[in-house]
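What follows is a single structure, written as structure tokens, with notes after it.
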Amino acid sequence: MREKLLKPYNPQKTEERIYKLWEDSGFFNPDVCVEKGITKANAEHFSMVLPPPNVTGNLHTGHALMLVIEDIMIRQARMQGKKTLWLPGTDHAAIATQSKVEKLLEKEGIHKNDLGREKFLKRVEKFAKESHDTIVNQAKKMGATLDWSREAFTLDETRNLSVKTAFKKMYDDGLIYRGHKIVNWDPKGQTVISDDEIVYEERKNKFYTFKYGPFEIGTTRPETKFGDKYVVMHPKDKRYTDYASGQKIKLEWINGPIEATVIKDEIIDMEFGTGVMTITPWHTPIDFDIAERHKLDKEQIIDKYGKLLPVAGEFAGMKIADAREKIVEKLKTKGLLISVDENYVNRIATAERTGGIIEPQIMLQWFVDVNKKISAGKNKLQPKSLKELMLEPVREGKIKIIPNYFEKVYFNWIENLRDWCISRQIWYGHRIPVWYKNNEIYCDLTAPEGPGWVQDEDTLDTWFSSGLWTFSTLGWPASVKTTAGQPEKTGDLKTYHPTTVLETGHDLIFFWVARMILMSQYLLGEVPFKTVYFHGMVRTTDGRKMSKSLGKKAIDPLSIIKKYGNDALRMAMVVGNTPGNDLKLNENDIRGYAKFANKIWNVARFVLENIEDFKVLKIADYDNEDKKSEEELNALMEDITKEMSEYRFSIVSEKIYQYFWHTFADVIIERSKKKILEKKNVISAKTLIYRHLHILLRALHPFMPFVTEEIWSMLPKEKNNLLMVEKWPFDCAQGKHHAN
RNA sequence: GCGCGGUUAGCUCAGUGGUAGAGCGACUUUUUGACGUAAAGUAGGCCGGGGGUUCAAUCCCCUCACCGCGCACCA
């Protein structure tokens with residue numbers, strides 16, 4: 001009996017030592033497991049990439065939840081003898097990281113332009129490195145058995161090669177094009193962003209109605225109205241049958257008389273306002289579409305700093321917010337203001353990362369064409385669009401999404417998907433591998449020979465590199481050899497791709513999950529993963545999403561671990577938490593599971609005290625009630641193994657908890673006391689409690705790895721393996737229980 | 001506007017076509033030997049409202065209400 005068992009379980013004194021044992025064993029690396037005979041060389045694989053945390057700071061409870069669920073899957077797979085890889089990495093998170101560093105510099109009174117591209121990037125890299133180290137340390141404290149030897153970064157050299165390779169192939173296939181389109185310009189971040197990076201905020205905005213010649217037009221944005229020389233109405237609107245398409249009308253406007261042209265278009269909602277509107281094609285997506293359809297002029301009104309251009313006459317150079325009221329005032333003086341609705345509410349598009357108000361602009365940018373049909377990969381005979389490549393595997397069940405209702409959300413998104421804008425006017429990120437010289441354009445992995453070539457200044461959307469993550473981390477493109485015209489995978493890519501499961505938050509379904517499916521389908525002709533498991537968002541007890549802005553209200557995972565232990569936090573995050581549903585993390589629950597860890601500890605003490613003289617550890621001749629208990633335990637193991645294969649961690653953790661405490665401890669141990677005291681069926685009793693502990697520790701290990709590993713080290717047994725590589729107590733394939 | 005999820009014990013949440021479950025909390029008892037971070041026990045629920053299918057509905061279908069979320073539009 002070890003001394004330390006005599007005191008209550010102390011996670012603080014245990015966890016760091018245990019993690020070091022695991023790490024030193026090398027078993028996080030599947031190759032080591034094979035070398036040491038833990039895993040068979042030809043074993044089935046189980047692989048998962050870690051959703052790479054952004055290098056913008058610390059890990060929060062959301063990360064903790066992710067690490068816990070993934071570590072549970074990985075530990076079980078490893079115990080089941082699978083060749084198990086959990087691949088770690090971090091995300092450079094382009095805009096997020098750059099704007100974070102910009103803010104830090106701001107405090108020093110420095111603007112990034114003062115430093116210049118190179119010096120600024122050095123600062124960002126320094127910051128990213130520090131964040132990376134913090135993140136890795138925290139992940140280790142959380143007990144994650146990630147294979148650190150394979151760690152990757154979305155912006156390292158290998159990943160840069162994969163990004164350039166992917167870009168070039170898409171460019172050559174005509175899937176990436178450069179064009180003038182209306183895009184989401186963020187005046188604050190001074191970059192374009194994709195549709196998915198927009199966050200809408202409801203705000204009260206004055207809704208003005210102006211007299212526009214014979215019409216009345218409504219707007220929330222008078223400052224864009226300078227260029228409005230087209231007035232649009234529905235062709236079937238009976239109120240305006242007197243006006244013909246193309247008809248010119250002279251009218252008085254902000255800066256004097258103008259000539260407006262009547263346009264008829266069915267997109268107009270006759271019910272809205274007066275059924276007449278003027279359009280600003282340069283700054284409104286829907287107006288842009290109308291202008292394209294009718295081949296109308298487009299004129300820029302607002303520059304990229306959010307200031308009015310000379311077209312605004314006396315208002316030129318003014319900022320939007322300042323100009324708006326003044327323009328209204330002028331129109332009012334001219335008798336053109338009809339009414340103002342003070343209580344109008346509409347949605348404002350803001351940039352996710354900077355909070356800047358999006359000003360749509362027509363700009364020259366790079367796009368991924370999602371509708372063009374190409375005969376790439378395995379679809380040589382039947383050309384397919386990227387949209388189809390994204391839809392098919394989910395529709396056909398090659399990718400299963402848990403919970404399955406997210407499949408509908410996924411389909412809905414793809415069906416409404418527009419071309420993906422991938423260029424960003426920021427410095428931190430993968431530089432676009434395109435060079436220009438006069439009118440020539442050159443796209444390749446390296447710069448073209450000869451003088452005069454200038455590389456595109458822009459970088460790529462961070463999700464472009466994230467989309468490659470399941471295979472760029474496994475060595476692609478180097479790990480694809482082309483023999484006899486057939487691409488053939490080698491190395492890690494061959495062994496571990498498609499990955500078994502992707503576990504992530506449902507907020508990443510479009511940003512990341514869809515893009516990974518796109519990239520893998522297109523570049524490898526296969527799915528990136530077979531199952532997607534979405535966890536919910538972690539919330540505070542009052543229901544708010546946990547984030548740093550909450551300050552003290554947010555629970556810091558590391559301080560919880562310090563207080564209650566890792567195992568307790570893990571259980572609190574798993575029990576009662578079903579996929580897709582948000583989790584309200586409650587300190588009471590965590591405290592409860594800390595008690596459970598202690599309960600396990602005390603049970604172990606009792607069992608070990610009573611089997612010290614006990615040499616024969618094989619299945620004995622049980623008496624009837626013990627035999628029944630053994631069978632009940634076996635049935636439970638079979639049951640939870642099946643539940644685990646269906647990713648029902650909530651149920652499994654609860655069942656083991658219940659059985660351990662209220663059957664093993666409360667019934668079986670109490671019964672054994674009596675038998676041992678009365679010296680009746682002692683062998684049966686001792687065998688039963690030993691085997692229960694032996695089996696339950698293994699079943700509990702993925703959920704509560706630290707306390708179970710610590711107790712395991714004290715158990716009398718033939719081999720001295722770490723529990724993390726012991727056998728899971730039920731073999732699904734063979735229907736066998738692993739006795740010892 | 002289109003769509004998705006939720007509504008179960010005081011709180012946080014599981015769950016199932018056939019007498020309703022857990023944790024925490026509350027209350028009562030127990031200083032017995034693994035554990036007081038414990039044990040034994042008790043109380044507490046028309047499973048959101050209404051309708052339907054069924055021998056049987058908390059569960060399946062329809063509908064309403066409220067809460068949360070996503071997408072689109074917003075001149």
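Residue numbering restarts at 1 for every chain, and letters A, B, ... go by the order of the sequence lines.
At whole-Å resolution of the value, CZ in A:Arg221 and C1' in B:C74 are 13 Å apart. Note: CG (A:Leu583) to P (B:C13) measures 8 Å, nearest angstrom. Atom-to-atom, CD1 of A:Ile267 to C1' of B:A72 comes out at 12 Å; the value is rounded to the nearest Å. Rounded to whole Å, the distance from CD1 on A:Ile401 to P on B:G5 is 14 Å. Atom CD1 of A:Ile600 is separated from atom P of B:A34 by 18 Å (rounded to the nearest Å). Distance NZ (A:Lys655) to C1' (B:U16): 11 Å, rounded to an integer number of Å. Rounded to an integer number of Å, the gap from A:Met573 CE to B:A14 C1' is 18 Å. For the pair A:Tyr200 OH and B:C73 C1', the interatomic distance rounds to 9 Å; values are reported in whole Å.
Across all strands shown, B:A43 remains unpaired; no Watson-Crick or G-U wobble contact has both distances below 3.5 Å. Within the shown strands, B:C13 is the pairing partner of B:G21 under the Watson-Crick or G-U definition, both distances less than 3.5 Å. Judged by Watson-Crick or G-U wobble contacts below 3.5 Å, the nucleotide B:U7 has B:A65 as its partner. Pairing for B:G1 is with B:C71, a Watson-Crick or G-U wobble pair whose two hydrogen-bonding atom distances lie under 3.5 Å. Pair assignment for B:U31: none, as no Watson-Crick or G-U wobble contacts are both less than 3.5 Å.
Looking at heavy-atom distances under 4.0 Å, A:Ala572 makes no contact with the nucleic acid at all. A:Phe207 comes within contact range of the sugar-phosphate backbone alone, with a heavy-atom separation under 4.0 Å but no base atom that close. In this structure, A:Asp666 reaches the sugar-phosphate backbone alone: every heavy-atom distance under 4.0 Å involves primed, P, OP1 or OP2 atoms, never a base.
Annotation: B:C71 and B:U54 have their P atoms spaced 42 Å apart (nearest Å). Look at the C1' atom in both B:G3 and B:G21: the space between them is 32 Å, to the nearest Å. Distance noted for atom C1' between B:C60 and B:A22: 26 Å (whole Å). The same atom, C1', is picked in B:U31 and in B:A20; the two are 37 Å apart, to the nearest Å. The same atom, P, is picked in B:A43 and in B:C27; the two are 16 Å apart, to the nearest Å. The separation of B:G41 from B:A57, taken at their C1' atoms, amounts to 33 Å, rounded to a whole angstrom. Here, B:G68 and B:G25 have their P atoms 30 Å apart, quoted to the whole Å. Across B:G10 and B:G49, the matching C1' atoms stand 23 Å from one another, rounded to whole Å.
Closest contact between the side chain of A:Asn416 and the listed nucleotides B:G5, B:C71, B:C35 involves B:C71. Taking the side chain of A:Arg605 as heavy atoms from C-beta on, and the options B:A34, B:C71, B:A39, the nearest nucleotide is B:A34. Residue A:Tyr405 has its side chain nearest to B:C4 when only B:G70, B:C4, B:A14 are considered.
Within a heavy-atom distance below 4.0 Å of RNA chain B, the residues of residues 276-295 of chain A found are A:Met277, A:Ile286.
With A:Phe664 as reference, A:Ile669 is the one residue of A:Leu633, A:Ile669, A:Ile656, A:Ile600 to meet the side chain to side chain contact (heavy atoms under 4.5 Å, CB included) rule. Results of the side chain to side chain contact (heavy atoms under 4.5 Å, CB included) test with A:Arg221 over A:Ile302, A:Ile301, A:Asn205 single out A:Ile302 as the only residue that passes.
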Can you give one letter per nucleotide of nucleotides 23-33 of chain B, 5' to 3': B if a protein heavy atom sits under 4.0 Å from the base, S if only from the sugar-phosphate, - if neither? SS---------
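In plain terms, the two heavy atoms of A:Gly213 and A:Leu251 that are nearest each other are CA-CB, 3.6 Å.
At a threshold of 4.0 Å, the pair A:Glu292-A:Lys298 counts as salt-bridged, since one of the basic side-chain nitrogens sits closer than that to a carboxylate oxygen. A:Glu643 and A:Lys655 are joined by a salt bridge, as a carboxylate oxygen and a charged side-chain nitrogen come within less than 4.0 angstrom of each other. The pair A:Glu646-A:Lys642 counts as a salt bridge, with a side-chain nitrogen and a carboxylate oxygen less than 4.0 angstrom apart.
If you check distances only, the side chain of A:Arg648 never reaches the base of B:A14 with a donor-acceptor pair under 3.5 Å. The base of B:C4 does not come close enough to the side chain of A:Lys408 for any donor and acceptor atom to sit less than 3.5 Å apart. Between the base of B:A34 and the side chain of A:Glu670 there is a donor-acceptor pair shorter than 3.5 Å.
Between the side chain of A:Asp639 and the backbone N or O of A:Ala635 there is no donor-acceptor pair closer than 3.5 Å.
Applying the 4.0 Å criterion to OP1 and OP2 of B:A14, one finds that A:Thr578 has a side-chain N or O inside that range. Look at A:Lys599 and you won't find any side-chain N or O under 4.0 angstrom from OP1 or OP2 of B:U37. Taking side-chain N and O atoms only, A:Asn581 has a distance below 4.0 Å to OP1 or OP2 of B:A14.
Within 6.0 Å of the CD atom in A:Glu271, the count of heavy atoms belonging to other residues, nucleotides or ligands does not exceed 12. Other residues, nucleotides and ligands place no more than 12 heavy atoms under 6.0 Å from the NZ atom of A:Lys400.
For A:Asn184 and A:Ser194, the side-chain atoms include no donor-acceptor pair closer than 3.5 Å.
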Before you tell me yes or no, could you show the steps for A:Glu216 and A:Phe210 under side chain to side chain contact (heavy atoms under 4.5 Å, CB included), namely the whole-Å CA-CA distance, both residues' side-chain angles and the distance that decides it to 0.1 Å? CA-CA 6 Å; A:Glu216 288 180 11; A:Phe210 298 117; over 6 Å; no
As a quick check of understanding, evaluate ring-ring contact (aromatic ring centres under 6.0 Å, His included) for A:Tyr593 and A:Tyr564, giving each step before the final call. CA-CA 8 Å; A:Tyr593 294 112; A:Tyr564 299 106; over 10 Å; no
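Take the nearest nucleotide of RNA chain B for A:Glu271 and for A:Asp196: the residue whose nucleotide is more 5' is A:Asp196.
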